[in-house]
Amino acid sequence: MHAPDSPQGPQGPQASHAAQSVTLPVSLDEAVAALTAMPAAVPVAGGTDLMAAVNAGLLRPAALVGLGRINEIRGWQYQDGHALLGAGLTHARMGRPDFAALIPALAAAARAAGPPQIRNAGTLGGNIASAAPTGDALPVLAALEAMLVIVGPGEPGTAGSAGSAGTSSREIPVSHLLAGREMLRPGELIGFVRVPLLHAPQVFLKATGRTGPGRAVASVGLVLDPARRGVRCAIGAVAPMPLRPLEAEQWVASLIDWDGGRSLAPEALEAFGEYVAAACVPDQGEPVAPGVLHLRRTVAVLARRALGRALTS
């Protein structure tokens, strides 16, 4: 598991009370070796979720492997039409203009992640590994169909695509990890996130139920894929993992005039919001509870606004 570490770093006083030992590797190879040698250790990068669990008495790790000194996962690079994002990228770094020009929706989610102390400490990899339903980056990554590069122990004398001898890597869809279809194996951690560069409109929106930063009541990540004449949408915070309303995506994509300025009839835009809401917030018996109706309305508005903004960008 790649979880965030504390704002003070894993060597701070909170971490020292939380774990019996702390290891601070400076490379992915060293981190994998430490996790392999200490199977009970928890990798930690920003601590925004981990230390909250520790302070609440929900988690008492025997050891921590701090990832904050591993420079290779703190940036990004271009690779075959994709951006290879380091798992150690902070929300604050992803919120900057140069990153926003690359992946606008992910930058918007990073800026909405919380107050400055959270954005400065929390990381992309930690957001994914914690898999909190309200994680702002998660619906964006699901809509982008991002892939995770998982780094782990390899056979002696071998070298995986992630690095040097004794370390190997494999790739899995982010949606598989969030849904529990694939899990991290002993000694593994999230090293990178591979995101396609679509060069097309993409939007992130969320509702918090309060003014200013806060945890999402519902969120949406939506991207257009003009090359495939497709719409990809993921709804966050309403279920344990982001939900893709695939039928709604396919339906509305068939109605968009892709050759004429990406126009869409207003009534179709309205219907798309309702279609997404019905798919992601289903009835729970009769009569439908007021809370369910309110959440469905919220999701419908977010989906409609997200698609409307994407089409007019």
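No hydrogens, no waters, no symmetry mates; every other heavy atom, side chains included, goes into these values.
- Considering every non-hydrogen atom in both Ala306 and Val220, the closest pair reads CB-CG1, 3.9 Å.
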**Asked** Arg69 and Glu30: salt bridge (charged side-chain N to carboxylate O under 4.0 Å, His left out), yes or no, with the steps?
**Response** CA-CA 11 Å; Arg69 297 184 179 181; Glu30 290 184 5; over 6 Å; no
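- Judged purely by atom type and a 3.5 angstrom limit, Arg232 has no side-chain atom pairing as donor or acceptor with the backbone of Val223.
- Shortest non-hydrogen contact noted between Ala237 and Val217 is CB-O, 3.6 Å.
- Here the CG-CG distance, from Leu28 to Leu189, works out to 6.0 Å after rounding to the nearest 0.5 Å.
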**Item:** Val193 vs Ile128, side chain to side chain contact (heavy atoms under 4.5 Å, CB included): CA-CA, chis, key distance, verdict
**Value:** CA-CA 10 Å; Val193 182; Ile128 297 167; 3.7 Å; yes
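- Note on residues 289-300: pairs passing side chain to side chain donor-acceptor pair (under 3.5 Å), not counting sequence neighbours, are Asp283-Arg296.
- Residues Trp251 and Leu222 fall within the same hydrophobic cluster, defined by Ile, Leu, Val, Met, Phe, Trp and Tyr side chains chained together at heavy-atom separations under 4.5 Å.
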**Request:** I would like to know whether Glu145 and Arg194 meet salt bridge (charged side-chain N to carboxylate O under 4.0 Å, His left out); could you show each step before the answer?
**Result:** CA-CA 9 Å; Glu145 298 182 345; Arg194 189 186 306 279; over 6 Å; no
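- Residue pairs meeting the side chain to side chain donor-acceptor pair (under 3.5 Å) criterion with at least one partner in residues 102-115, sequence neighbours excluded, do not occur; the list is empty.
- Scanning all heavy atoms of the two residues, the minimum distance from Ala45 to Leu67 falls at CB-CB, 4.2 Å.
- Side-chain contact between Leu224 and Leu307: present, with at least one pair of heavy atoms (C-beta onward) separated by less than 4.5 Å.
- Annotation: side chain of Pro245 is in contact with side chain of Cys280 (closest heavy-atom distance under 4.5 Å).
- A pairwise comparison of heavy atoms in Gly308 and Leu269 identifies N-CD1, 3.8 Å as the closest pair.
- Linking ILVMFWY side-chain heavy atoms closer than 4.5 Å, directly or via other members, places Phe204 and Leu197 in a single hydrophobic cluster.
- Once rounded to the nearest 0.5 Å, the distance linking CD1 of Ile190 with CG of Leu124 reads 8.0 Å.
- Under a 3.5 Å cut-off, the side chain of Gln250 and the backbone N or O of Glu247 do not form any donor-acceptor pair.
- Using a 4.5 Å heavy-atom threshold, the side chains of Leu177 and Glu182 count as separate.
- Among all heavy-atom pairs drawn from Val195 and Ala146, the shortest one is CG2-CB, 4.0 Å.
- A side-chain donor-acceptor contact under 3.5 Å links Arg244 to the backbone of Cys233.
- Side-chain heavy atoms closer than 4.5 Å link hydrophobic residues (I, L, V, M, F, W, Y) into clusters, and following such links, even through other members, never connects Ile172 to Met147.
- Put simply, the side chain of Ile70 reaches to within 4.5 Å of the side chain of Pro25, judged on heavy atoms.
- Residues Leu64 and Pro61 are in side-chain contact: their nearest non-hydrogen atoms beyond the backbone lie under 4.5 Å apart.
- Within the 3.5 Å criterion, the main-chain N or O of His176 finds no donor-acceptor partner in the side chain of Arg181.
- Distance alone, capped at 3.5 Å, places no donor-acceptor pair between the Glu188 side chain and the Pro153 backbone.
- With hydrogens and angles ignored, the 3.5 Å screen pairs no side-chain donor or acceptor of Asn127 with any backbone N or O of Thr123.
- Tyr275 is not connected to Leu246 by any chain of hydrophobic side-chain contacts under 4.5 Å among Ile, Leu, Val, Met, Phe, Trp and Tyr, and they are in different clusters.
- For the atom pair OG (Ser168) and CZ (Arg170), the distance works out to 9.0 Å, reported to the nearest 0.5 Å.
- Between Met38 and Thr23, the closest side-chain pair of non-hydrogen atoms falls below 4.5 Å.
- By the rule that hydrophobic residues join a cluster once side-chain heavy atoms approach within less than 4.5 Å of another member, Val44 and Val26 end up as members of separate clusters.
- Using a 4.5 Å heavy-atom cutoff, the side chains of Ile73 and Phe192 are in contact.
- Rounded to the nearest 0.5 angstrom, Ser130 OG and Leu178 CG are separated by 11.0 Å.
- Among pairs with a residue in residues 252-267, those fulfilling side chain to side chain donor-acceptor pair (under 3.5 Å) read Arg229-Asp259, at least two apart in sequence or across chains.
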Side-chain donor-acceptor pairs of residues 88-107 under 3.5 Å, sequence neighbours excluded:
from  : atom 1 : to    : atom 2 : distance (Å)
Thr90 : OG1    : Arg93 : N      : 3.1
Arg93 : NH1    : Asp98 : OD1    : 3.1
Arg93 : NH2    : Asp98 : OD2    : 2.7

In residues 132-140, what donor-acceptor pairs under 3.5 Å come from side-chain atoms, sequence neighbours left out?
from   : atom 1 : to     : atom 2 : distance (Å)
Thr134 : OG1    : Arg215 : NH1    : 3.1
Asp136 : OD1    : Lys206 : NZ     : 3.3
Asp136 : OD2    : Lys206 : NZ     : 3.0

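- The shortest distance between side-chain heavy atoms of Val65 and Val42 does not fall below 4.5 Å.
- Evaluation of the salt bridge (Lys or Arg N to Asp or Glu O under 4.0 Å) rule for Arg304 yields Glu270 as partners, not counting sequence neighbours.
- Distance check, rounded to the nearest 0.5 Å: CG of Asp225 to CD of Glu249 gives 11.0 Å.
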**Asked** Step by step, would you call Leu144 with Gln202 a side chain to side chain contact (heavy atoms under 4.5 Å, CB included)?
**Response** CA-CA 9 Å; Leu144 288 168; Gln202 48 185 258; 4.1 Å; yes
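- Between the CE atom of Met241 and the OG atom of Ser175 there is a distance of 10.0 Å, given to the nearest 0.5 Å.
- Contact detail for Leu295 and Ala218: the closest heavy-atom pair is CD1-CB, 4.1 Å.
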